[in-house]
There are 2 protein chains.
Amino acid sequence: MTSERFTEVRGHPLFKNISDGSFEALARGAYVQNFPPHTELISEGEAADFLHIVLSGSVELFCSWESRETTMATVWPVSAFILAATIRDRPYLMSGRTLGKTRIMLVPSQDVRAVFESDSEFAKAIVAELANFYRASIKNTKNLKLRTSKERLANYLIKCSRREENCLVFELQYEKRRLASYLGMTPENLSRSFNALKPFGVQVDGQKVRLEDLEKLIAFAKPTDLIDGYE
Amino acid sequence: MTSERFTEVRGHPLFKNISDGSFEALARGAYVQNFPPHTELISEGEAADFLHIVLSGSVELFCSWESRETTMATVWPVSAFILAATIRDRPYLMSGRTLGKTRIMLVPSQDVRAVFESDSEFAKAIVAELANFYRASIKNTKNLKLRTSKERLANYLIKCSRREENCLVFELQYEKRRLASYLGMTPENLSRSFNALKPFGVQVDGQKVRLEDLEKLIAFAKPTDLIDGYE
DNA sequence: CGTCCTTTTGAACATTGTCAAACACTGTGG
DNA sequence: CCACAGTGTTTGACAATGTTCAAAAGGACG
């Protein structure tokens, strides 16, 4: 039974409500591959031949232009990426590389498009997923255009804390240089921004972060669901 | 015959392939309204009660946070906006105001969601639309994070020229203060950026722009479809 | 002709980026 | 176990970029 091969992804919002037949059709041409750290999986400009789904590890999505580079997002399990390029049969707009050792499920784009045409439950799930992606991207733009780098960092830290039930001590999920790039600044500037947040109770030691006065930090950062909400 | 009321939008990608019955269902509760210039149609945070479609005039989408404001996009006829909020039944992430005198078609969100559930052609059209919006937003983020303000302006001008069959003389479509905000800078900085582009053949007089050396400007701006493409 | 608004210009300032060096951390190989 | 290279982080001095404030110039419109 083919559909039992990919139980890990069956519960993902994209596949939860589709028929067994549709899932079979997707699973038939799909395969799972293991990648070592720092492997470039896709490059911007390439044809979108496969829908990628991260099963374990993580993938950094980044973009380049004229020898500059910026981190756009990090994808954690279990999530799909480059869905829009796949469904529209357009070239990737972002490149992707593994951070740690990473397991990826690859589904041929033509199969995704075929099932999209035939299974309206799948089409609906794709609409929900794309709408969420779009709204996340709009929030990101607001964050970039309306806030200074210090404010972006403060709100990022609050978001980390919220994600772990408002825990006041946590580890940064990835290197500071990547975090800096994600937040739209240089590593040097990130380092200085951390220092500038000390008066608001932000303590950093390596990857460990302690928020000693969340109230004060929130008063400074002024987070709002319209920018910082998970949806 | 209800469906003959809204012939202007029948050819829009969202509605082109849907059944007459579906179009009727959308048209039944829909209405068209005229708005004077500078009228706020929607405010971020509000419930998305209607899908908006610009029939004539134009609408500025903008966002605010802590007394700062930024222009996110301008919507021209015939285009829908805030589709993602409508379909997901979430609050608006952006506010919208008319620029000139503007005619808007308003379709109740619940009708949009109902037809989305019943008509798979409509669902497919929505997928295409959302995917395009998402990719446009990613391109916008790349533009903001990878380029300086001068480079953003140069590429914007090239895009204007391209839109009019590479015409070297054209008018800016809206005020410079809005353009500045859209490009992520202050009006003062925009003014200086225009001056800084003079060596590349950029001549500005009021709203009129002349590109006297497109080759040179392109050599400076280095446009790419992966950021500047219309799709 | 004035009034209001936008745009431009200038100067001071703030923020962010660049470059170079020091430092810390990690893992390797002797 | 230590020396060492390689990488990432922090710091300082400086440069570039972008913002703010104030004022002048230009346009639109009654």
Side-chain angles (χ1 to χ4, degrees), chain A residues 36-38 60 62 65-71 74 97 99-101 143-157 171-199 202-209 220-221, chain B residues 36-38 60 65-71 97 99-101 143-157 171-199 202-209 220-221:
Chain A
H38 310 298
E60 177 189 18
F62 65 99
W65 181 76
E66 292 296 312
S67 84
R68 293 170 220 168
E69 185 183 306
T70 191
T71 299
T74 308
R97 66 165 78 94
L99 288 177
K101 204 161 156 289
N143 195 31
L144 283 170
K145 290 183 82 176
L146 292 168
R147 287 173 173 162
T148 65
S149 55
K150 211 163 86 179
E151 289 165 343
R152 292 199 294 277
L153 175 59
N155 279 292
Y156 176 81
L157 296 176
E171 302 247 323
L172 296 173
Q173 292 150 334
Y174 43 77
E175 297 168 286
K176 288 183 184 162
R177 62 205 293 271
R178 275 177 233 286
L179 175 58
S181 180
Y182 172 68
L183 293 174
M185 54 180 132
T186 57
E188 295 95 327
N189 197 9
L190 175 65
S191 184
R192 285 170 184 126
S193 295
F194 268 122
N195 279 322
L197 290 180
K198 267 182 190 158
V202 175
Q203 296 288 331
V204 195
D205 177 26
Q207 299 292 104
K208 279 188 288 293
V209 176
F220 167 74
Chain B
H38 311 296
E60 177 190 20
W65 181 76
E66 292 296 312
S67 85
R68 293 169 219 170
E69 184 182 307
T70 190
T71 299
R97 66 165 78 94
L99 289 177
K101 202 161 156 289
N143 195 31
L144 283 169
K145 291 183 79 176
L146 291 169
R147 287 174 173 159
T148 65
S149 56
K150 213 163 85 179
E151 289 166 342
R152 291 199 294 276
L153 174 59
N155 278 292
Y156 176 81
L157 296 176
E171 303 246 323
L172 295 174
Q173 292 152 331
Y174 43 76
E175 298 168 286
K176 287 184 185 161
R177 60 203 295 275
R178 275 177 233 287
L179 176 57
S181 179
Y182 171 68
L183 292 175
M185 53 180 134
T186 57
E188 294 95 326
N189 197 8
L190 175 66
S191 184
R192 286 170 184 126
S193 294
F194 267 123
N195 279 324
L197 290 179
K198 268 182 189 160
V202 175
Q203 296 287 333
V204 195
D205 177 28
Q207 299 292 103
K208 277 189 291 293
V209 176
F220 167 75

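Predicted, not measured: the structure shown is a model, and the values here were computed from it.
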inquiry  = Could you tell me if the side chain of B/R147 sits less than 4.5 Å from the side chain of B/N155, heavy atoms only?
reply    = yes

Looking only at D/dT19, D/dT11, D/dT20, the nucleotide nearest the B/E188 side chain is D/dT20

A/R192 CZ to C/dG17 C1', in whole Å, measures 9 Å

Testing C/dT8, C/dT7, C/dT18 for proximity to the side chain of B/Q207, the answer is C/dT7

Among the nucleotides D/dG18, C/dT9, C/dT6, whichever has the atom closest to the side chain of B/E175 is C/dT6

**Message:** Side chains of A/V202 and A/L153, heavy atoms from C-beta outward: is any pair under 4.5 Å?
**Reply:** no

Of the listed C/dT8, C/dT6, C/dT16, the closest approach to the B/K176 side chain comes from C/dT8

Nearest heavy-atom approach of A/K145 to B/G184 is CE-CA, 3.9 Å

With five pairs defining each end axis, the helix from C/dC1-D/dG30 to C/dG30-D/dC1 comes out bent, to 10°, by 30°

**Report entry** Close side-chain approach of A/K150 to A/F220, heavy-atom, < 4.5 Å
**Finding:** yes

Among C/dT16, D/dT9, C/dG10, the one nearest any side-chain atom of A/T148 is C/dT16

**Asked** Short question: side chain of A/S191, backbone of A/P187 - any donor-acceptor pair under 3.5 Å?
**Response** no

Is there a donor-acceptor pair under 3.5 Å between the side chain of A/S181 and the backbone N or O of A/T71? yes

Against the side chain of B/S149, the closest entry in C/dG10, D/dG18, C/dA20 is D/dG18

Regarding the side chain of A/N189, the nearest nucleotide among D/dG18, C/dT16, D/dT20 is C/dT16

Atom CG of A/L146 and atom P of D/dG18 are separated, to the nearest Å, by 17 Å

Separation of C/dT6 atom P from B/L190 atom CG, nearest Å, is 14 Å

Testing C/dT7, D/dT20, D/dT10 for proximity to the side chain of B/R177, the answer is C/dT7

Rounded to whole Å, the CG-P distance (A/L183 to C/dT16) equals 12 Å

Which of D/dT20, D/dT11, C/dG17 is nearest the side chain of B/T186? It is D/dT20

Of B/R177, B/R178, B/R97, the one forming a salt bridge (Lys or Arg N to Asp or Glu O under 4.0 Å) with B/E69 is B/R97

Between CG of B/L144 and C1' of C/dT16 the distance, given in whole Å, is 16 Å

From CE of A/M185 across to P of D/dT17 the rounded distance in Å is 20 Å

B/K145 NZ to D/dT17 C1', in whole Å, measures 18 Å

note: B/D205, atom CG; C/dT6, atom P; distance rounded to Å ~ 19 Å

